[in-house]
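Working notes, structure below.
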Amino acid sequence: MPLVWLLATPTLHAQTLEETVLAKINDARANPRAYAEKLREYRSYFDGEIVYMPGDYNGVLTKEGTAVVDETIAFLERQEPLPALTQAEVLALAAADFSQEQGALGARGHKGADGSDPGARVKRRGGDVFVGEAIAYGFDDAEQIVRQMIVDDGVPDRGHRRLLFDGKLKFAGIGCGPHSKMDHICVVDVSATKDGRPVRVRYAQQR
């Protein structure tokens, strides 16, 4: 094969985990009923409260079993399609910062070691505090990460699910990495604006 041909061949872009997670979130937002069908298949792999995915003989212990999966399916059947979230650099930097911190410390939750919340972390990166945050632990596979956030097993208020299907939110930044106690972590910061600043409302002039 001629060397000139090799040099002229374009290099295919390999998606990062963060890009794949965002794409799968957007797929679920665009077609929630199709995602409900995916969850029906997922439900079939349960044995009591343990789910055995194909090829995984160890299984994963859930807190709520199939009940929360059924609840999620019902939610998705009612959910209207939503526009895609757009990747935003400031949000992505803040998400990466927190995934690295929690990964190193082996911590969990939305409060940083210094007591910071998601808004404070975005503000450090030059944005503002009007943000929400979803976190998944234990997986480095985009399908499993997004499913964990949407099903929200063990989270009473289903806060992660509500964030991902909030029509007012338009932008997202994602940071994933290793976690010293949970193997992996993936942080998703979302906002109505690209940097967490408040939405500007324009009022028509009264004449």
Side-chain angles (χ1 to χ4, degrees), residues 13 15-36 72 74-103 107-137 142 145-152 155-177 185-207:
H13 170 66
Q15 278 195 320
T16 64
L17 177 57
E18 287 84 356
E19 289 170 332
T20 307
V21 168
L22 181 57
K24 290 188 177 296
I25 290 171
N26 283 335
D27 286 345
R29 281 170 62 97
N31 197 339
R33 287 171 181 79
Y35 199 86
T72 310
F75 168 88
L76 293 167
E77 293 287 2
R78 298 189 302 269
Q79 176 64 46
E80 293 299 319
L82 296 171
L85 298 171
T86 301
Q87 196 272 345
E89 183 179 3
V90 169
L91 301 179
L93 290 170
D97 289 343
F98 197 49
S99 70
Q100 291 167 14
E101 176 190 299
Q102 283 214 320
R108 295 189 65 177
H110 297 278
K111 184 170 288 190
D114 60 355
S116 62
D117 61 15
R121 294 189 288 271
V122 171
K123 199 165 186 177
R124 286 177 194 156
R125 282 295 189 172
D128 209 338
V129 300
F130 297 94
V131 298
E133 187 173 78
I135 306 177
Y137 298 92
I145 290 167
V146 174
R147 183 171 61 232
Q148 184 183 118
M149 291 179 176
I150 291 176
V151 173
D152 235 4
V155 181
D157 67 355
R158 312 302 187 214
H160 302 105
R161 185 198 304 165
R162 289 190 291 105
L163 275 178
L164 297 191
F165 289 97
D166 187 333
K168 298 186 296 296
L169 301 176
K170 309 294 184 185
F171 297 89
I174 301 173
C176 305
I185 178 174
C186 196
V187 178
V188 179
D189 286 342
V190 288
S191 179
T193 61
K194 64 183 180 180
D195 56 5
R197 298 187 187 279
V199 176
R200 293 183 179 179
V201 180
R202 295 181 178 179
Y203 295 94
Q205 290 185 347
Q206 299 295 325
R207 294 189 178 182

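Quick note: residue numbers are just sequence positions, from 1.
Rounding to the nearest 0.5 angstrom, the gap separating the OG1 atom in Thr72 from the CD1 atom in Ile150 is 8.5 Å. The structure places SG of Cys186 at 9.5 Å from CD of Gln148, a figure rounded to the nearest 0.5 Å. One distance of note links CG of Asp189 with CZ of Phe98; it measures 9.0 Å at 0.5 Å rounding. The NZ atom of Lys123 sits 9.0 Å away from the CZ atom of Phe130 when rounded to the nearest 0.5 Å. Annotation: the span from Asn26 atom CG to Leu164 atom CG amounts to 10.0 Å, rounded to 0.5 Å. The OG1 atom of Thr20 lies 10.5 Å from the CG atom of Asp27; values are rounded to the nearest 0.5 Å.
When all heavy atoms are compared, the tightest approach of Ala95 to Gly173 is CB-O, 3.5 Å. Residues Ser191 and Gly196 share a closest heavy-atom pair of OG-CA, 3.3 Å. Residue Ala30 comes nearest to Pro81 through the heavy atom pair O-CB, 3.3 Å, listed as atom of the first residue, atom of the second, then distance. Annotation for Asp166 and Lys168: closest pair OD1-N, 2.9 Å, computed over non-hydrogen atoms. Counting all heavy atoms, side chain and backbone alike, Arg121 lies closest to Gly112 at NH1-N, 3.4 Å. Across Arg29 and Leu163, no two heavy atoms sit closer than the pair NH1-O, 4.5 Å.
Contact check for Leu22 versus Leu85: side-chain heavy atoms found under the 4.5 Å cut-off. Using a 4.5 Å heavy-atom threshold, the side chains of Lys194 and Thr86 count as separate. In this structure, Val122 and Val129 have side chains that are not in contact, with every pair of non-hydrogen atoms separated by 4.5 Å or more. For the pair Ser116 and Arg124, the minimum side-chain heavy-atom distance is below 4.5 Å. Considering only heavy atoms from C-beta on, Ile145 comes within 4.5 Å of Leu17 through its side chain. Residues Asp128 and Asp195 fail the side-chain proximity criterion, which asks for heavy atoms closer than 4.5 Å.
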Please walk me through it: do Arg125 and Asp97 pass salt bridge (Lys or Arg N to Asp or Glu O under 4.0 Å)? CA-CA 10 Å; Arg125 282 295 189 172; Asp97 289 343; 2.8 Å; yes
Could you check Val146 against Val21 for side-chain contact (heavy atoms from CB on, under 4.5 Å), going step by step and ending with a plain yes or no? CA-CA 7 Å; Val146 174; Val21 168; 4.0 Å; yes
Worked check of side-chain contact (heavy atoms from CB on, under 4.5 Å) between Phe165 and Leu76: CA-CA 9 Å; Phe165 289 97; Leu76 293 167; 3.5 Å; yes
Can Arg162 and Asp157 be said to form a side-chain contact (heavy atoms from CB on, under 4.5 Å), step by step? CA-CA 9 Å; Arg162 289 190 291 105; Asp157 67 355; 3.5 Å; yes
Take Cys176 and Ile174 through the side-chain contact (heavy atoms from CB on, under 4.5 Å) test and state the conclusion after the steps. CA-CA 7 Å; Cys176 305; Ile174 301 173; 3.8 Å; yes
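Figure legend: cation-pi geometry between Arg161 and Phe75, with NZ or CZ positioned under 6.0 Å from the six-membered ring centre and within 45° of its axis.
Lys111 places no side-chain N or O within donor-acceptor distance of the main-chain N or O of Arg108, the cut-off being under 3.5 Å. In this structure, Glu77 contributes its side chain and Ala36 its backbone to no donor-acceptor pair below 3.5 Å.
For the 3.5 Å distance criterion, the side chains of Tyr35 and Gln79 fail to qualify, holding no donor opposite an acceptor.
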